[in-house]
Amino acid sequence: MSDFMDSAPIARKTLVLFFLLDVSGSMDGEKIGTLNDAFRETLPELKDLSNDNADAEIRLALLTFSNGAEWLTPQPVDLNTYKFRDLEACGGTDLGEAFTELQSKLDKNAFLSSQVGNFAPVIILMSDGEPTDDWEDALSDLNQNKWFKAAIKIAFSIGADADNDMLSQFTGNKELVINTDNKKMLKKMIKFVSVHSTKIGGSTRSTPASKQEEVAEVIQEEIAASEEDDVDGGW
């Protein structure tokens, strides 16, 4: 009995990494292609991070929005078994509907069900344009959700036409809005942000508020370093 107890794995809390992905018509072409490439390269690193993390098991939840919003993952998925399929772009930018869908899943009776417990989620929003529906009321409702309040929230502003004011309202901190006007920078930052935000989010040493601040700091440091390297590759 003693030997069994010594060898039994310690149960880990779950950290759900949410992606809200704009797949509207304006994302067609190089933007959606870059997004697909970035996910194919990032997911193996997230899988390794989850497998090596003694405190947190990372699970993935993907929500796309264009004309309406659709979960590509009916439940948060295990990164060891998930097979990513390329995204396609068309339609409008119904971000308000995406916020409503997210709100419905940020609950222990939905995507945050766990017998062991959950870390506050990481939520990454990517968009290249202005919403085409009522996003403000939906975001107001979302802001009342305790899990959303505690979450690490990051946004990617893709290209010159993205609504940076809206994205700042989503994150609550303009330093957590990443402006990307070229494909190399977008690809690089998706990988960096996904890995580092989940690493920080799955740590037991900090509060949700301090984790958000820590993520903002590492993102700004990486952006500054990238600007010094003069990353090229415009759309």
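Quick note: residue numbers are just sequence positions, from 1.
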For the residue pair [X] and [Y], establish whether any side-chain heavy-atom pair is separated by less than 4.5 Å.
| X | Y | value |
| --- | --- | --- |
| Thr64 | Phe19 | no |
| Pro76 | Leu17 | no |
| Lys174 | Ser168 | yes |
| Asp28 | Cys90 | no |
| Tyr82 | Lys47 | no |
| Glu88 | Ile32 | no |
| Lys149 | Asn143 | no |
| Ile123 | Leu106 | yes |

Is the CG atom of Asp161 crowded by more than 12 outside heavy atoms at less than 6.0 Å?
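It does not: Asp161 CG has 12 such atoms or fewer within range.
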
Distance in Å, [X] [atom1] paired with [Y] [atom2], rounded so as to fall on 0.5 Å steps:
| X | Y | atom1 | atom2 | answer |
| --- | --- | --- | --- | --- |
| Ile154 | Asn173 | CD1 | CG | 10.5 Å |
| Met189 | Glu222 | CE | CD | 5.5 Å |
| Ser140 | Gln144 | OG | CD | 5.5 Å |
| Leu35 | Thr42 | CG | OG1 | 9.5 Å |
| Leu79 | Ser50 | CG | OG | 6.0 Å |
| Glu130 | Asn164 | CD | CG | 10.0 Å |

Do you know which two heavy atoms are closest between [X] and [Y], and how far apart they sit?
| X | Y | value |
| --- | --- | --- |
| Ala11 | Val116 | CB-CG2, 3.7 Å |
| Thr93 | Ser127 | CG2-OG, 4.3 Å |
| Phe119 | Ser203 | CE2-O, 3.6 Å |
| Thr73 | Ala61 | OG1-CA, 3.2 Å |
| Ala151 | Gln212 | O-OE1, 3.4 Å |

Under the side chain to side chain contact (heavy atoms under 4.5 Å, CB included) criterion, do Asp137 and Leu139 qualify, and how do the steps go?
CA-CA 5 Å; Asp137 285 346; Leu139 181 58; over 6 Å; no

With a 4.0 Å cut-off on N to O distance, would you call Lys31 and Asp22 a salt bridge?
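A salt bridge is absent here (no side-chain N lies under 4.0 Å from a carboxylate O).
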
With the threshold set at 4.0 Å, does a side-chain nitrogen-carboxylate oxygen contact exist between Lys13 and Glu57?
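No, this pair does not count.
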
Any side-chain donor near an acceptor of the partner, [X] and [Y], under 3.5 Å:
| X | Y | answer |
| --- | --- | --- |
| Thr132 | Asp94 | yes |
| Asp141 | Gln103 | no |
| Asn80 | Asn51 | yes |
| Thr207 | Ser210 | yes |

Check Thr34, Asn182, Thr180 against Lys187 for a side-chain contact (heavy atoms from CB on, under 4.5 Å) and give me the one that passes.
Thr34

Do [X] side-chain atoms and [Y] backbone N/O form a donor-acceptor pair below 3.5 Å?
| X | Y | value |
| --- | --- | --- |
| Asp133 | Glu97 | yes |
| Thr100 | Gly96 | yes |
| Lys211 | Ala120 | no |
| Gln220 | Glu175 | yes |
| Asn118 | Leu15 | no |
| Ser104 | Glu101 | yes |
| Thr198 | Ser194 | yes |
| Asn67 | Gly91 | no |
| Arg40 | Phe84 | no |

Side chain to side chain contact (heavy atoms under 4.5 Å, CB included) between Ile124 and Leu20, intermediate numbers included
CA-CA 6 Å; Ile124 300 175; Leu20 279 61; over 6 Å; no

Would Asp128 and Ser24 satisfy side chain to side chain contact (heavy atoms under 4.5 Å, CB included), going step by step from the backbone distance to the final call?
CA-CA 9 Å; Asp128 77 331; Ser24 60; 3.8 Å; yes

Applying a strict under-4.5 Å side-chain criterion to I, L, V, M, F, W and Y, I'd like to know whether [X] and [Y] cluster together.
| X | Y | value |
| --- | --- | --- |
| Leu62 | Ile158 | yes |
| Met185 | Val193 | yes |
| Leu186 | Ile223 | yes |
| Ile200 | Leu176 | yes |
| Trp147 | Leu102 | yes |

Measure the acute angle between the ring planes of Trp135 and Phe99, then classify it against the limits of 30° and 60° as parallel, tilted or perpendicular.
perpendicular

So, do Trp71 and Phe111 have ring centers that fall under 6.0 Å from each other?
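When the ring centroids of Trp71 and Phe111 are compared, they turn out to be within the sub-6.0 Å range.
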
Applying salt bridge (Lys or Arg N to Asp or Glu O under 4.0 Å) to Arg205 and Glu214, what does each step give before you reach the verdict?
CA-CA 12 Å; Arg205 70 181 187 274; Glu214 186 176 349; 2.9 Å; yes

Take Phe170 and Phe148, measure what ring-ring contact (aromatic ring centres under 6.0 Å, His included) needs, and give me the verdict at the end.
CA-CA 10 Å; Phe170 170 80; Phe148 185 76; 5.6 Å; yes

For Phe156 and Leu21, run side chain to side chain contact (heavy atoms under 4.5 Å, CB included): C-alpha distance rounded to whole Å, both residues' side-chain angles, the deciding distance at 0.1 Å, then the answer.
CA-CA 10 Å; Phe156 281 81; Leu21 304 174; over 6 Å; no

